[in-house]
Amino acid sequence: MPKSLPLSALGIMLFCNVAWAMNIVVSKIAVASLGVPPLFYTVMRSATVVAVLVPLLLRGRPERLPLVLLIGFAITGGSFGLQFIGLQTASPSAVGIVNLSGAPLTVLFAILFLGEEVRWRRGIGMALALGGVGLAIGAPSEAGDPVGLGFAFAGVLIGAFASVFVKRLDIGAPTLQAWAGVASLGVMLPATLALETGQIAAVSAAPLAVAGCVLFAGVIVSVGAHSAYFMLFQRYDANLIVPLTLLTPLLTIAFGTWLTGDTIHWPLIVGGTMALTGVAIIVIRPSRTVFKSWLARPKV
């Protein structure tokens, strides 16, 4: 593999980071400002992904389809739905910091279920990351109530748990996204009909704005950014690609401050710095049993 990244690859990674960070802000606008019910927003995003990737579904059923659907739902619709619920009351900046817990949680589950060996450096990284996220969640601030951040953390927890088993699936990332969209629709559509109200009213009140949010999340982020990221991940060494994803939480804070008026207080600054440092240690240290892409790739 090449030992350095060309400018074109750096440009693609910048696009991915901007898309991932902006997506948290866009999702906040959709579920909070536009009033779209979070589970219904998940349904629309999943339907968009399925519509774009339907040719992959027509190629035939993958092996171990029930497991593919279960894991696919957990790392997409299940995780997204909980985070969208959290974004109703939590700020994009705080949710961006909470998302950093995905890396240490993935390693922790790899220790429990895959026999991952963790030495002291990555152990320190896990402790720093989880401690920083805990500070960001627990300290009172204008970043959002702890309940909202708790939902966001639950989404990361489910996504991290499922992601350690992705390595056992013999399926490409775009195909997994397509079937994950199917699984998400199968679960979230009945859930929004049973648990939420006002879906049609929210869309009717601002149809173009809602459509823009959904298309951005489904096409630009899920299909575009994720596919571009995995293309680079297959072409270049993981040690060159994965650390660049640490730009995402910084951009999330910047976009949140700019577009949704997030107020950044010292608990979020200190907690975010701790979490970012811990995640940097984790992703730079090689992992033997877990795809490094799953340690740092944002799940929203």
Of all the heavy-atom pairs spanning Pro92 and Thr252, show the shortest one and how long it is. O-CG2, 3.3 Å
Output yes when a side-chain donor or acceptor of Ser204 lies under 3.5 Å from a complementary backbone atom of Ala201, and no otherwise. no
Tell me whether Val223 shares a hydrophobic cluster with Leu232, the cluster being built from Ile, Leu, Val, Met, Phe, Trp, Tyr side chains joined at under 4.5 Å. no
Give me the atom names and distance for the closest heavy-atom approach of Ala228 to Ile12. CB-CG2, 3.8 Å
Using the ring of each side chain (for Trp, its six-membered ring), is Phe255 parallel, tilted or perpendicular to Trp258, with breaks at 30° and 60°? tilted
In one Ile/Leu/Val/Met/Phe/Trp/Tyr side-chain cluster, 4.5 Å: Phe161, Val68: yes
Which atom names give the shortest non-hydrogen contact between Leu100 and Gly272, and what distance separates them? CD1-O, 4.4 Å
Please report the interatomic distance CG(Leu14) to CG(Leu244), rounded to the nearest 0.5 Å. 10.0 Å
Identified side-chain contact (heavy atoms from CB on, under 4.5 Å) partner of Thr48 from the options Val43, Leu53, Val219: Val219
I want to check something: taking the side chain as every heavy atom from C-beta on, are Thr245 and Tyr229 in contact at a cut-off of under 4.5 Å? yes
Output the distance between atom CG (Leu87) and atom CG (Leu82), rounded to the nearest 0.5 Å. 11.5 Å
Could you give the distance from CD1 (Ile71) to CZ (Phe73), rounded to the nearest 0.5 Å? 13.0 Å
Between the side chain of Ser79 and the main-chain N/O of Ile75, is any donor-acceptor distance below 3.5 Å? no
When hydrophobic residues are tied together by side-chain contacts of less than 4.5 Å, even through go-betweens, does Val49 share a cluster with Leu176? no
To the nearest 0.5 Å, atom CG of Leu189 lies from atom OG1 of Thr42 at 11.5 Å
When rounded to the nearest 0.5 angstrom, what is the spacing between CZ in Phe40 and CD in Gln199? 6.0 Å
For Asn17 and Thr248, which I'm curious about, is there any donor-acceptor pair between the side chains at under 3.5 Å? yes
Minimal non-hydrogen separation, Pro38 against Gly81, with atom names: CB-O, 4.4 Å
Please check if the side chain of Gln177 supplies one atom and the backbone of Ser222 the other of a donor-acceptor pair under 3.5 Å. yes
Check whether any side-chain heavy atom of Leu169 sits under 4.5 Å from a side-chain heavy atom of Glu63, and report yes or no. no
Looking at Asp262 and Ser93, would you say the former's side chain and the latter's main chain have a donor-acceptor pair under 3.5 Å? yes
Listed by chain and number, what are the side-chain contact (heavy atoms from CB on, under 4.5 Å) partners of Thr175, not counting sequence neighbours? Leu56, Ile171, Trp179
Could you label the plane-to-plane angle of the His226 and Trp20 rings as parallel, tilted or perpendicular, counting under 30° as parallel and over 60° as perpendicular? tilted
Give the C-alpha distance, both sets of side-chain angles, the deciding distance and a yes or no for side chain to side chain contact (heavy atoms under 4.5 Å, CB included) between Leu39 and Ile85. CA-CA 8 Å; Leu39 301 185; Ile85 293 173; 4.3 Å; yes
What's the verdict on side chain to side chain contact (heavy atoms under 4.5 Å, CB included) for Ile281 and Met126, showing C-alpha distance, side-chain angles and the deciding distance? CA-CA 8 Å; Ile281 295 172; Met126 291 171 61; over 6 Å; no
With Phe216, which residues qualify under side-chain contact (heavy atoms from CB on, under 4.5 Å), at least two apart? Met22, Asn23, Val26, Ile220, Val221
Nearest heavy atoms of Gly181 and Val50, plus distance in Å: C-CG2, 3.5 Å
Got a donor-acceptor contact below 3.5 angstrom from the Thr192 side chain to the Met188 backbone? no
Full working for side chain to side chain contact (heavy atoms under 4.5 Å, CB included) between Leu250 and Leu276: CA-CA 9 Å; Leu250 300 179; Leu276 194 61; 3.8 Å; yes
In the single-linkage hydrophobic clustering (I, L, V, M, F, W, Y; side-chain heavy atoms under 4.5 Å), do Val214 and Ile24 co-cluster? yes
dist Arg45:CZ -> Ser27:OG (nearest 0.5 Å) comes out at 6.5 Å
CZ (Phe151) with more than 12 external heavy atoms under 6.0 Å: no
Does Leu58 CG have over 12 foreign heavy atoms under 6.0 Å away? yes
Can Val203 be reached from Leu34 by stepping across I, L, V, M, F, W or Y side chains whose heavy atoms are under 4.5 Å apart? yes
If you look at every heavy atom in Ala160 and Gly102, which pair is closest and at what distance? CB-O, 3.9 Å
Side-chain contact, heavy-atom cut-off 4.5 Å: Leu7 with Leu10? yes
Might you work through the side chain to side chain contact (heavy atoms under 4.5 Å, CB included) test for Val95 and Lys28, ending with a clear yes or no? CA-CA 10 Å; Val95 171; Lys28 169 69 175 182; over 6 Å; no
